[in-house]
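Presented below is the structure to which this report refers.
Just so you know, ligand 1 is whichever comes first in the structure, and atom 1 is the first atom listed for that ligand.
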Amino acid sequence: MKLAARVQQVPASLTLAIAAKAKEMRAAGIDVLSFSAGEPDFDTPDHIKAAAKQALDQGKTKYGPAPGEPRLRAAIAQSLNAHQGLNFQPDQIIVTNGGKHSLYGLMQILIEPGDEVIIPSPYWLSYPEMVKLAGGTVKLLEAKADNAYKITPQQLRAAIKPQSKLFVFNSPSNPTGMVYTPEEVRAIAAVLRESEIAIVSDEIYDKILYEGTEHLSLAAADPQLQERTFISSGFAKSYSMTGWRIGYLAGPRDGIEAMARLQSHSTSNVCTFAQYGAIAALESSQDCVEQMRQAFAQRRSVMLERVQAMAGLDCPAPHGAFYLFPSIAATGLDSLTFCNRLLQEQHVAAVPGIAFGNDACIRLSYATSLEAIQAGLDRLETFMNQVM
Ligand code: PLP
């Protein structure tokens, strides 16, 4: 069968390949410890599950409005406005099948062949593929290790060209865990204001912050940018709802209406009763978010201290999300070889940095128990002592 060219160029996800290999080894009875998860290990909080079960019993099992249940759109707008100093109306919100689908849809409604999309690198691995699927061209902007994997305003200014259509910003970042300070966000916003480029700020980790770090939404940094700025987010990471597939896009009305038309011909609506779980997540106490954040904070301290002490790993302190992104450059190994050997020799799964555009690093997720973290780090230390 001859497949369409647009899908032939899309590689299979490297993260999934490592996870599949680890799973295969586990099935063969090998005790694999994994630092590869991109999802919280906690169960979805009970009150959220209860709300979805109740919605099922109440017959919320039919098609719903393509842009989402009105109560959920209103709750999302309310939450963004209250916590981020924004000013969204419910009709500026679309509920999507996860943050991933918000971003995919956005590329579809904005990007045409010849359009360039500026993406800081290291990047979340799906961004470039989504751009290519929309027929656009990727322009990577290297966020250097010596600048804590953040781009500078000067870099951004130099990268914006007449063909630049969209800038993708992600803070806190997957894979690096880095968080731009409010001052840095404002400096990026000031550069964006000099152009007419559209902006998407992926803020899916905005509630997972450490050591008093503050998150400023790029959409809140400069009111003048609001008519061309989208926020992409979702419930997966903060509420441990990865499998529910609920995300959203907030932004200018014309963009959100276009997204709703696209969604009406592609996915119709997000699972109706699942949306009632998301309503409960936003309308109930946020204690569960804080409890999970505290657990991540404890794991982060343990992991960071030990990784920073290991010879051959160089790891700046991340202040958000649940990842470390240490450099393995001192080992002389490329990231795929490093991760394959770590898995084969020590039975520890990590994600090669090449998946995120940086072959000198690996991504370690601490969305796993403290016991697994300690045991996994013992093995990583043994491995490092062997390769150094
Ligand atoms: N954006 C980033 C940076 C992510 O890490 C992820 C998930 O890994 C997503 C978006 C998509 O999340 P979901 O589609 O599960 O809501």
Side-chain angles (χ1 to χ4, degrees), residues 13-16 18-19 34-42 44 48 68 72 76 79 93-108 117 119-131 133 143 149-150 166-180 199-209 215 217-218 230-250 259 263 266-267 270-271 274-275 277-278 281-282 289 292 296 318-325 351 353 355-358 363-368:
S13 160
L14 255 183
T15 44
L16 295 185
I18 289 274
S34 179
F35 291 134
S36 66
E39 62 181 348
D41 51 321
F42 309 108
T44 302
I48 298 175
L72 181 53
I76 292 167
S79 164
I93 310 290
I94 181 166
V95 183
T96 59
N97 285 286
K100 188 176 266 181
H101 210 246
S102 303
L103 293 158
Y104 178 83
L106 183 68
M107 303 295 177
Q108 291 294 320
V117 178
I119 304 176
S121 171
Y123 47 77
W124 180 49
L125 73 179
S126 293
Y127 299 143
E129 306 313 324
M130 290 169 174
V131 173
L133 282 166
Y149 297 111
K150 298 177 192 179
L166 176 69
F167 170 59
V168 180
F169 190 64
N170 174 219
S171 173
S173 152
N174 177 7
T176 66
M178 292 303 159
V179 183
Y180 286 73
I199 300 147
V200 62
S201 183
D202 180 351
E203 302 183 7
I204 197 146
Y205 295 98
D206 67 346
K207 296 189 173 76
I208 308 179
L209 300 167
H215 163 80
S217 169
L218 187 52
F230 294 86
I231 295 178
S232 174
S233 193
F235 293 79
K237 316 289 178 176
S238 307
Y239 298 94
S240 202
M241 292 172 69
T242 44
W244 291 61
R245 310 309 305 134
I246 311 182
Y248 56 87
L249 192 72
M259 282 284 289
Q263 196 149 278
S266 48
T267 57
V270 173
C271 172
Q275 291 188 60
L282 289 181
V289 178
M292 291 189 265
F296 285 137
H319 287 93
F322 35 71
Y323 309 107
L324 301 189
F325 200 61
V351 185
F356 313 99
N358 187 327
R363 190 190 75 175
L364 300 172
S365 159
Y366 47 91
T368 186

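Every residue two or more places apart in sequence or in another chain that forms a salt bridge (Lys or Arg N to Asp or Glu O under 4.0 Å) with E129 is listed here: K132. Shown here are the salt bridge (Lys or Arg N to Asp or Glu O under 4.0 Å) partners of K100, two or more places apart in sequence or in another chain: there are none.
At least one side-chain heavy atom of P122 sits under 4.5 Å from a side-chain heavy atom of Y149. Q263 is not listed as a side-chain neighbour of V95, based on a closest heavy-atom distance of 4.5 Å or more. Taking 4.5 Å as the limit, some side-chain heavy atom of I208 sits within range of a side-chain heavy atom of F296.
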Side-chain donor/acceptor pairs under 3.5 Å, residues 231-239, sequence neighbours excluded:
{"from": "S233", "atom 1": "OG", "to": "E203", "atom 2": "O", "distance (Å)": "3.4"}
{"from": "K237", "atom 1": "NZ", "to": "G38", "atom 2": "O", "distance (Å)": "2.6"}
{"from": "K237", "atom 1": "NZ", "to": "Y205", "atom 2": "OH", "distance (Å)": "3.3"}
{"from": "Y239", "atom 1": "OH", "to": "Q286", "atom 2": "OE1", "distance (Å)": "2.5"}

For ligand 1, which of its N or O atoms have a protein N or O partner closer than 3.5 Å, and how long is each gap?
{"from": "ligand 1", "atom 1": "1 (N)", "to": "D202", "atom 2": "OD2", "distance (Å)": "2.6"}
{"from": "ligand 1", "atom 1": "5 (O)", "to": "N174", "atom 2": "ND2", "distance (Å)": "2.8"}
{"from": "ligand 1", "atom 1": "5 (O)", "to": "Y205", "atom 2": "OH", "distance (Å)": "2.8"}
{"from": "ligand 1", "atom 1": "8 (O)", "to": "K237", "atom 2": "NZ", "distance (Å)": "2.6"}
{"from": "ligand 1", "atom 1": "14 (O)", "to": "G99", "atom 2": "N", "distance (Å)": "3.1"}
{"from": "ligand 1", "atom 1": "14 (O)", "to": "K100", "atom 2": "N", "distance (Å)": "2.9"}
{"from": "ligand 1", "atom 1": "14 (O)", "to": "R245", "atom 2": "NH2", "distance (Å)": "2.7"}
{"from": "ligand 1", "atom 1": "15 (O)", "to": "R245", "atom 2": "NH1", "distance (Å)": "2.8"}
{"from": "ligand 1", "atom 1": "16 (O)", "to": "G99", "atom 2": "N", "distance (Å)": "2.7"}

